[in-house]
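See below for the structure under consideration.
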Amino acid sequence: MITRMSSLFLRTLREDPADAEVPSHKLLVRAGYVRRVGPGGYSWLPLGLRVLRRIEQVVREEMDAIGGQEIQFPALLPREPYEATGRWTEYGDSLFRIKDRKGGDYLLGPTHEELFALTVKGEYSSYKDFPVVLYQVQTKYRDEARPRAGILRGREFLMKDSYSFDLSDEGLAASYQLHREAYQRIFDRLGLSYVIVSAMSGAMGGSASEEFLADAPTGEDTFVRSTESDYAANVEAVVTPAPPALSIADKPESQVHHTPDTPTIETLVTFLNGAGLGREFTAADTLKNVLVKVRAPGAKSWELLAIAVPGDREVDPKRLEAALYPSDVALLEEADFTANPFLVKGYIGPKALQDNGIRYLVDPRVVTGTAWVTGADKVDHHVVDLVCGRDFTPDGTIDVADVREGDPSPDGRGTLVAARGIEIGHIFQLGRKFANVFGLDALGADSKPIRITMGSYGIGVSRLVAVIAEQSHDEQGLVWPRAVSPADVHVVIAGKDDAVREGGERLAAQLDEAGLSVLLDDRTSTPGVKFADAELIGVPTIVVVGRGLAKGVVEVKDRASGERVEVPVDDAVAHLTDLVRG
RNA sequence: CGGGCUGUGGCGCAGCUUGGUAGCGCAUUCGCUUUGGGAGCGAAGGGUCGCAGGUUCAAAUCCUGUCAGCCCGACCA
């Protein structure tokens with residue numbers, strides 16, 4: 001196919017749009033791929049739509065390769081299925097709700113687990129029908145609190161979502177693995193740099209869950225990776241390795257000290273080091289007891305929970321929430337302290353907690369034989385050398401302390417560093433949550449029903465356009481990988497005389513004949529404009545037909561490296577075909 | 001939802017303090033020149049200044065409200 005820029009619906013911009021911050025947003029707008037229509041809503045112009053379609057194609061090929069079957073649901077959905085799973089309310093303000101003329105409730109689908117589960121229930125009823133994998137590539141709607149960065153986070157976006165239906169946990173694990181491998185092939189083909197991190201499944205329920213995060217300094221998701229190994233994880237999923245237990249026998253007796261005006265860790269450490277105890281204390285030698293209250297799902301009342309972390313660390317709210325999910329967590333209010341006078345703010349210690357029957361969970365670093373400075377349950381008093389396993393016995397561990405750069409990697413190799421990424425894919429084993437709600441069963445060989453177990457797998461297809469742009473651009477503009485480029489070659493006619501024009505036209509026709517898609521700059525603009533636009537648009541191979549034509553050569557430029565070679569015009573088609581076909 | 005900044009031809013901006021004929025660059029159209037790195041000269045079209053209300057003889061400019069955008073935070077499969 002030949003696309004003529006003289007008639008292409010395209011206007012490139014010389015300046016960055018004022019509302020754009022990240023490179024992909026600036027460049028996709030400047031190069032005429034997308035235009036903003038409303039908050040979080042973008043239109044796809046011809047070049048942008050081609051890239052989007054090519055990405056879809058890669059996704060479809062790999063989904064089909066693992067036996068996925070494509071179907072399509074409406075985006076406009078009735079309330080009932082989402083009412084049944086509780087997500088009509090659970091989704092909160094992020095759900096676009098609409099009323100029809102009769103006052104009936106509808107929503108614009110944010111994700112389609114309900115519909116897939118109901119559809120399978122409607123069609124299949126025998127164990128012989130399973131397993132099955134269905135998918136769709138469809139527009140999703142989420143009323144994001146803050147859409148940002150152009151198409152990176154919109155309120156309407158294109159997503160591939162697939163769902164596996166299996167008879168057993170082993171089957172689900174196999175379907176999950178198939179998807180995981182398909183996703184790796186997809187992202188590899190798209191030329192992306194990414195990591196797979198273990199994630200918490202959060203509100204979706206279910207167990208195993210991994211996210212595919214594309215490396216990008218502008219990403220919204222923070223994760224940690226090891227300096228030495230390929231370990232990577234969401235902060236919520238980092239497991240702190242427990243040090244080996246120590247001997248109790250050689251520890252000095254615990255002693256209560258009068259420590260006036262030391263309600264914070266900082267004041268306490270300063271005081272201790274000035275108290276002449278014969279050793280240096282750091283915040284890491286102290287044990288901070290943090291009180292929260294938790295409420296199990298469906299429960300009416302809150303239960304107090306004490307969490308001990310080393311004094312140099314804070315409780316990370318996200319890790320806390322993930323660790324206690326699905327229970328709700330809240331900080332204590334003044335009234336809670338009043339109701340429990342044994343809680344001496346700033347001086348809480350394990351003794352009072354355990355004496356009063358409060359569940360006491362400690363950081364994994366608090367192992368048997370470790371000695372701590374902690375509260376003595378009395379204003380202005382702390383206890384030194386309180387030994388775990390001798391002076392107090394926790395009810396268990398809870399891994400909610402903040403994770404920091406320099407912490408040892410959980411796999412034992414290297415230390416952790418923080419990195420930022422953009423979520424491009426998410427796979428997880430949903431389990432039977434949705435099947436239970438809808439009674440999704442298959443009749444087994446013994447004529448007894450088998451509850452189906454589901455997996456759910458998503459790829460942000462439209463987001464990928466931005467993510468690829470984010471990872472692949474330079475000062476001049478976009479640099480598309482061949483797999484998704486809006487054209488195979490960009491032929492620039494650099495000259496006004498008829499010979500040059502005809503030479504460019506002829507080459508374009510020959511390349512088209514050879515099966516390549518050609519973007520032909522046949523405009524009457526000056527060469528400088530055309531070169532700048534070619535670099536902005538980002539087709540990986542640029543062919544300049546111009547002054548060299550007189551001596552029988554054209555110039556072939558690699559967009560990524562900037563390298564240029566002169567190729568005899570008679571060899572150009574073969575040369576370019578080789579380049580494009582790899 | 002909280003804090004900060006910003007809304008003026010298609011795009012990027014000035015004008016607002018001190019109210020009085022709406023301006024610049026890019027883009028677009030026409031003419032002549034130019035043609036390997038975002039050309040030159042000349043001419044032209046295009047904006048009820050986000051929206052609503054108020055003050056005033058007079059509002060882009062002052063006041064009130066509202067909507068939208070960007071950034072930080074909260075939230076978010």
Side-chain angles (χ1 to χ4, degrees), chain A residues 10-22 25-26 29-32 35-41 45 85 87 90-95 109-114 140-150 153-155 157 159-163 199-206 209-212 218 220-221 234 236 317-318 321 422-428 430 433 456-460 463 476-477 492-498 500-501 504 521 523-537 542-550 553-555 557 562 564 566:
Chain A
L10 171 75
R11 185 107 300 145
T12 57
L13 305 177
R14 197 179 288 215
E15 287 164 293
D16 287 334
D19 60 355
E21 192 70 18
V22 302
H25 187 191
K26 289 178 182 172
V29 171
R30 272 188 61 202
R35 289 289 182 262
R36 179 176 179 277
V37 171
L45 301 186
T85 55
R87 295 211 289 185
E90 248 174 53
Y91 243 98
D93 291 336
S94 298
L95 192 66
T111 170
H112 284 74
E113 279 80 3
E114 284 81 352
K140 306 292 187 194
Y141 297 86
R142 292 183 196 171
D143 193 357
E144 295 286 346
R146 183 148 77 91
R148 60 177 289 271
R153 186 175 205 78
R155 298 201 294 175
F157 57 97
M159 172 162 146
K160 186 287 299 178
D161 50 329
S162 50
Y163 304 87
M200 289 295 173
S201 34
M204 297 296 294
S209 168
E210 289 170 295
E211 284 177 1
F212 291 71
T218 51
E220 299 178 274
D221 294 319
N234 264 352
E236 292 94 309
K318 282 193 166 172
E321 212 168 290
I422 302 167
E423 185 177 353
I424 50 177
H426 194 164
I427 53 178
F428 56 97
L430 264 184
K433 173 177 172 177
S456 163
Y457 319 89
I459 288 181
R463 171 180 283 185
Q476 327 304 327
V492 173
I493 297 175
K496 62 164 185 174
D497 60 275
D498 292 348
V500 168
R501 178 158 288 275
D521 198 343
R523 296 177 298 177
T524 53
S525 332
T526 56
V529 172
K530 295 185 178 185
F531 294 146
D533 276 349
E535 274 144 11
L536 180 59
I537 288 167
I542 299 166
V543 182
V544 181
V545 180
R547 62 187 175 197
L549 199 63
V553 298
V554 295
E555 192 177 292
K557 178 175 174 180
R564 311 172 186 204
E566 291 199 333

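Below, chains carry the letters A, B, ... as their sequence lines are ordered, and counting in each starts from 1. Treat the numbers as computed from the prediction; the structure is a model and nothing was measured. These numbers come from the heavy atoms of this one structure, side chains and all, not from hydrogens, waters or symmetry mates.
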Pairs under 3.5 Å (N/O, protein and nucleotides 1-7 of chain B):
none

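- Annotation: B:U28 and B:G10 have their P atoms spaced 15 Å apart (nearest Å).
- The shortest distance between side-chain heavy atoms of A:Asp19 and A:His25 falls below 4.5 Å.
- You'll find that the side chain of A:Arg36 is closest to B:G69, out of B:G12, B:U35, B:G69.
- Contact of A:Glu535 with B:G37 (side chain to base): a donor-acceptor pair of N or O atoms is detected under 3.5 Å.
- If you measure from atom CD1 of A:Ile424 to atom C1' of B:A77, you get 15 Å, rounded to the nearest angstrom.
- Annotation: of the two residues near RNA chain B, A:Leu549 and A:Leu13, the 5′-most nearest-nucleotide partner is A:Leu13.
- Base pairing of B:U17 is not made with any nucleotide, judged by Watson-Crick or G-U wobble geometry with both donor-acceptor distances under 3.5 Å.
- Across all strands shown, B:C26 forms a Watson-Crick or G-U wobble pair, both distances under 3.5 Å, with B:G10.
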Could you go through nucleotides 39-42 of chain B and list every protein N or O atom that sits under 3.5 Å from one of its N or O atoms, giving the distance for each pair?
unit_1	atom_1	unit_2	atom_2	d
B:A39	OP2	A:Thr526	OG1	3.2

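- Not a single donor-acceptor pair, N or O on each side, falls under 3.5 Å between the base of B:G12 and the side chain of A:Asp16.
- Closest approach to the A:Pro17 side chain among B:A77, B:G12, B:G36 is made by B:G12 (side chain taken as heavy atoms from C-beta onward).
- Two residues are said to be in side-chain contact when any heavy atoms from C-beta on lie closer than 4.5 Å; A:Arg463 and A:Met159 fail this criterion.
- Shortest non-hydrogen contact noted between A:Gly504 and A:Val545 is N-CG1, 3.7 Å.
- Closest of all the heavy-atom pairs between A:Val500 and A:Gly546 is CG2-O, 3.8 Å.
- Pairing of B:G73, defined by two Watson-Crick or G-U wobble distances under 3.5 Å, is identified with B:C1.
- Nucleotide B:G31 has B:C41 as its partner under the Watson-Crick or G-U criteria, with both atom distances under 3.5 Å.
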Could you walk me through whether A:Leu10 and A:Ile537 pass the side chain to side chain contact (heavy atoms under 4.5 Å, CB included) test, one step at a time? CA-CA 11 Å; A:Leu10 171 75; A:Ile537 288 167; 3.9 Å; yes
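- The shortest distance between side-chain heavy atoms of A:Arg35 and A:Val29 falls below 4.5 Å.
- The P atoms of B:G50 and B:A59 are separated by 15 Å, rounded to the nearest whole Å.
- No side-chain donor-acceptor contact under 3.5 Å links A:Arg36 to the backbone of A:Gly41.
- Rounded to whole Å, the distance from CG on A:Leu45 to C1' on B:G10 is 13 Å.
- Here B:C24 presents its P atom at 16 Å from CD of A:Glu15, a figure rounded to the nearest Å.
- Note: CD (A:Glu21) to P (B:C72) measures 7 Å, nearest angstrom.
- In this structure, A:Glu211 and A:Phe428 have side chains that are not in contact, with every pair of non-hydrogen atoms separated by 4.5 Å or more.
- Among the nucleotides B:A77, B:C71, B:G36, the one closest to the side chain of A:Met159 is B:A77.
- Rounded to whole Å, the separation between the P atoms of B:G19 and B:A60 comes to 13 Å.
- Remark: the backbone N or O of A:Leu13 is paired with a side-chain donor or acceptor of A:Arg30 at under 3.5 angstrom.
- Remark: B:U66 base-pairs with B:G50; criterion is Watson-Crick or G-U wobble with both hydrogen-bond distances under 3.5 Å.
- Per the geometry, CG belonging to A:Asp19 stands 11 Å off C1' belonging to B:C11, to the nearest Å.
- Atom C1' of nucleotide B:U28 and atom CZ of A:Arg523 are separated by 14 Å, given to the nearest angstrom.
- Counting non-hydrogen atoms under 4.0 angstrom, A:Val544 reaches a base of the nucleic acid.
- Annotation: B:C49 and B:U21 have their C1' atoms spaced 15 Å apart (nearest Å).
- In this structure the side chain of A:Asp161 never reaches within 4.5 angstrom of the side chain of A:Glu113, judged on heavy atoms.
- The A:Ala18 side chain lies nearest to B:C13 when the options are B:G36, B:C13, B:A77.
- Side chain A:Arg30 to base B:G38: a donor-acceptor pair is found below 3.5 Å.
- Residues A:Arg11 and A:Glu423 both approach RNA chain B. Their nearest nucleotides, taken by heavy-atom distance, put A:Arg11 toward the 5′ side.
- Remark: the separation of the C1' atoms in B:C62 and B:U56 is 10 Å, to the nearest Å.
- Comparing B:A52 with B:C67, their P atoms sit 15 Å apart, to the nearest whole Å.
- Between A:Lys496 atom NZ and B:U35 atom P there is a gap of 6 Å when expressed in whole angstrom units.
- For A:Lys530 (side chain) and A:Arg523 (main-chain N/O), a donor-acceptor pair under 3.5 Å exists by modelled atom type.
- Atom-to-atom, CG of A:Leu10 to P of B:G10 comes out at 19 Å; the value is rounded to the nearest Å.
- Between B:A68 and B:A77, the two P atoms lie 23 Å apart (nearest whole Å).
- To the nearest whole angstrom, the two P atoms, one in B:C26 and one in B:G42, are 12 Å apart.
- Of all nucleotides listed (B:A77, B:A68, B:G36), B:G36 comes nearest to the side chain of A:Arg564.
- Counting only heavy atoms from C-beta outward, the side chains of A:Phe531 and A:Val544 approach each other to under 4.5 Å.
- If you check every strand for non-hydrogen atoms under 4.0 Å, A:Gly109 touches nothing.
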